[in-house]
Amino acid sequence: PGAGDGLTPELRQLAQSCDLGASDACFQVGVIFDEGKGIATDKNKAAIAYKAACEKSHDRGCHRLGVMLVNGEGITRDIAAGIRLLNQGC
């Protein structure tokens, strides 16, 4: 993402940190897209960011991705996969 991409400087920096492997940055990117903090909501981008966080063993990222999978928010609904992710945190 660069100039003119509609991303805030904070989001751009978090996305770069996520790309470098910071799981919490990936989670924060997901929250920003999920809740529309300073930008329009984008459930698909939120799911992608939560997945990146989850793949880096971020429990809250896995939880949020699991909820999105169960509900079919921004991604194809997959109840079984969502429940597996939700059960990981138990």
Side-chain angles (χ1 to χ4, degrees):
D5 58 14
L7 302 182
T8 64
E10 174 192 18
L11 181 54
R12 198 172 295 114
Q13 183 175 10
L14 284 168
Q16 289 171 349
S17 295
C18 175
D19 289 343
L20 294 173
S23 66
D24 196 56
C26 297
F27 177 75
Q28 291 303 321
V29 169
V31 170
I32 289 169
F33 279 117
D34 197 10
E35 299 177 3
K37 294 187 173 199
I39 61 166
T41 60
D42 188 325
K43 297 293 186 177
N44 184 262
K45 288 181 182 178
I48 291 168
Y50 290 147
K51 182 177 183 198
C54 186
E55 288 172 346
K56 294 169 180 55
S57 301
H58 193 284
D59 290 340
R60 290 183 298 160
C62 293
H63 177 83
R64 290 236 184 161
L65 179 59
V67 170
M68 292 182 88
L69 283 165
V70 168
N71 294 330
E73 291 180 70
I75 51 177
T76 302
R77 188 174 193 186
D78 187 338
I79 295 171
I83 289 173
R84 276 194 303 277
L85 287 176
L86 293 171
N87 286 338
Q88 279 181 8
C90 296

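Side chains included, hydrogens not; waters and symmetry mates left out as well; all remaining heavy atoms used.
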Any side-chain heavy-atom pair of [X] and [Y] under 4.5 Å:
| X | Y | answer |
| --- | --- | --- |
| Ile39 | Phe33 | yes |
| Leu86 | Leu69 | no |
| Val67 | Glu73 | yes |
| Val29 | Tyr50 | no |

Can you see which heavy atom on [X] is nearest to which on [Y], and at what distance?
| X | Y | answer |
| --- | --- | --- |
| Ser17 | Ala25 | CB-CB, 3.6 Å |
| Ala49 | Cys26 | CB-O, 3.4 Å |
| Leu7 | Leu11 | CD2-CD2, 3.4 Å |
| Asp34 | Thr41 | O-CG2, 3.7 Å |
| Ile83 | Val70 | N-CG2, 4.0 Å |
| Met68 | Lys43 | CE-O, 3.2 Å |

Find the distance between [atom1] ([X]) and [atom2] ([Y]) and round it off to the nearest 0.5 Å.
| X | Y | atom1 | atom2 | value |
| --- | --- | --- | --- | --- |
| Glu10 | Gln28 | CD | CD | 8.0 Å |
| Ser23 | Arg60 | OG | CZ | 9.5 Å |
| Arg84 | Cys62 | CZ | SG | 12.5 Å |
| Asn44 | Ile75 | CG | CD1 | 8.0 Å |
| Leu65 | Ile48 | CG | CD1 | 10.5 Å |

Practice task
For the pair Asp24 and Lys56, evaluate salt bridge (Lys or Arg N to Asp or Glu O under 4.0 Å) and give the outcome as yes or no after the intermediate values.
Solution key: CA-CA 9 Å; Asp24 196 56; Lys56 294 169 180 55; over 6 Å; no
Problem - Parallel, tilted or perpendicular: ring planes of His58 versus Phe27, cut at 30 and 60 degrees - result: parallel
Problem - Electrostatic pair Glu35-Arg64, nearest N-O below 4.0 angstrom - result: yes
